[in-house]
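Here is the structure we will look at, set down as structure tokens.
Counting begins at 1 with the first residue of the sequence. Not measured: the values here are computed from a predicted model.
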Amino acid sequence: VQLQASGGGLVQTGGSLRLSCTPSRNIVSIYSISWYRQAPGKQREWVASTINNGRTIYSESVKGRFTISRDNAKNTVFLQINSLNPEDTCVYYCYTHISGNDYWGQGTQVTVSS
């Protein structure tokens with residue numbers, strides 16, 4: 001399975017972005033999909049997940065500003081990011097775990113200018 005992440009870019013503080021993650025197989029309606037992010041020189045951190053039962057969960061650091069959702073018909077998971085600040089400058093990765101295997105997208109860069 002390949003995960004295609006897109007939607008990153010350069011935005012000003014306070015702006016918004018919507019990231020997309022589209023798997024190469026029709027799995028969004030079946031498996032949990034997560035977003036992670038990694039800032040330069042830091043460890044990758046979990047951001048949010050959409051569970052296969054429809055439930056969504058968030059890291060405390062992004063709760064209230066980030067919204068994860070999925071469109072099963074489009075086989076795509078979205079991450080809406082609002083009120084961006086420079087600390088959100090990271091590469092954002094989507095991830096899934098299927099049958100004991102981890103799958104990561106290539107990442108999409110989000111850069112927030114102050």
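The shortest distance between side-chain heavy atoms of T96 and S34 does not fall below 4.5 Å. V62 has its side chain out of reach of W46: every pair of non-hydrogen atoms, C-beta onward, lies at least 4.5 Å apart. W35 places a side-chain heavy atom less than 4.5 Å from the side chain of Y92. Counting only heavy atoms from C-beta outward, the side chains of R37 and D88 approach each other to under 4.5 Å. S32 has its side chain out of reach of H97: every pair of non-hydrogen atoms, C-beta onward, lies at least 4.5 Å apart. With a 4.5 Å cut-off on side-chain heavy atoms, L79 and T67 do not count as touching. Contact check for S6 versus L19: no side-chain heavy atoms found under the 4.5 Å cut-off. Proximity of I30 to N52: side-chain heavy atoms (C-beta onward) are nowhere separated by under 4.5 Å.
Transitive grouping of hydrophobic side chains (ILVMFWY, heavy atoms separated by less than 4.5 Å) brings Y93 and I51 into a common cluster. Cluster annotation: Y103 and V47 are assigned to the same hydrophobic cluster (Ile/Leu/Val/Met/Phe/Trp/Tyr, side-chain heavy-atom contacts under 4.5 Å, transitive). Hydrophobic clustering places V91 together with Y95 (ILVMFWY residues linked when any side-chain heavy atoms are closer than 4.5 Å, directly or through intermediates). Hydrophobic cluster membership is shared by I68 and Y31, with clusters built from Ile, Leu, Val, Met, Phe, Trp and Tyr side chains linked at under 4.5 angstrom. Under the 4.5 Å side-chain heavy-atom criterion for Ile, Leu, Val, Met, Phe, Trp and Tyr, L3 and L17 are members of the same hydrophobic cluster.
Side-chain polar atoms of T76 and T22 form a donor-acceptor pair below 3.5 angstrom.
Every salt bridge (Lys or Arg N to Asp or Glu O under 4.0 Å) that E60 has, sequence neighbours left out, goes to K63.
Stacking of R44 on the aromatic ring of W104 is recorded, both the 6.0 Å distance cut-off and the 45° axial limit being met.
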With a 3.5 Å cut-off and sequence neighbours excluded, list the donor-acceptor pairs that the side chains of residues 106-113 form with protein atoms.
| from | atom 1 | to | atom 2 | distance (Å) |
| --- | --- | --- | --- | --- |
| Q106 | OE1 | A5 | N | 3.3 |
| Q106 | NE2 | A5 | O | 2.8 |
| T108 | OG1 | G8 | N | 3.0 |
| Q109 | NE2 | C90 | O | 3.4 |
| Q109 | NE2 | T111 | OG1 | 3.3 |
| S113 | OG | V11 | O | 3.4 |

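To the nearest 0.5 angstrom, Y58 atom OH is 10.5 Å from F66 atom CZ. Here the CD atom belonging to Q4 is positioned 10.0 Å from the OG atom belonging to S24, to the nearest 0.5 angstrom.
The shortest heavy-atom contact between P23 and C21 is CD-O, 3.7 Å.
Cluster partners of F78 are absent, since no Ile, Leu, Val, Met, Phe, Trp or Tyr has side-chain heavy atoms less than 4.5 Å from it.
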Begin from the C-alpha positions of R55 and T50 and carry the test side chain to side chain contact (heavy atoms under 4.5 Å, CB included) through to its verdict.
CA-CA 6 Å; R55 184 172 167 234; T50 174; over 6 Å; no
Residue pair T13, L84: steps toward the side chain to side chain contact (heavy atoms under 4.5 Å, CB included) verdict
CA-CA 5 Å; T13 296; L84 280 157; over 6 Å; no
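Put simply, the side chain of N75 gets close to the backbone of V28: a donor and an acceptor are under 3.5 Å apart. No donor-acceptor pair closer than 3.5 Å links the side chain of R70 to the backbone N or O of I33. Distance alone, capped at 3.5 Å, places no donor-acceptor pair between the R18 side chain and the Q80 backbone.
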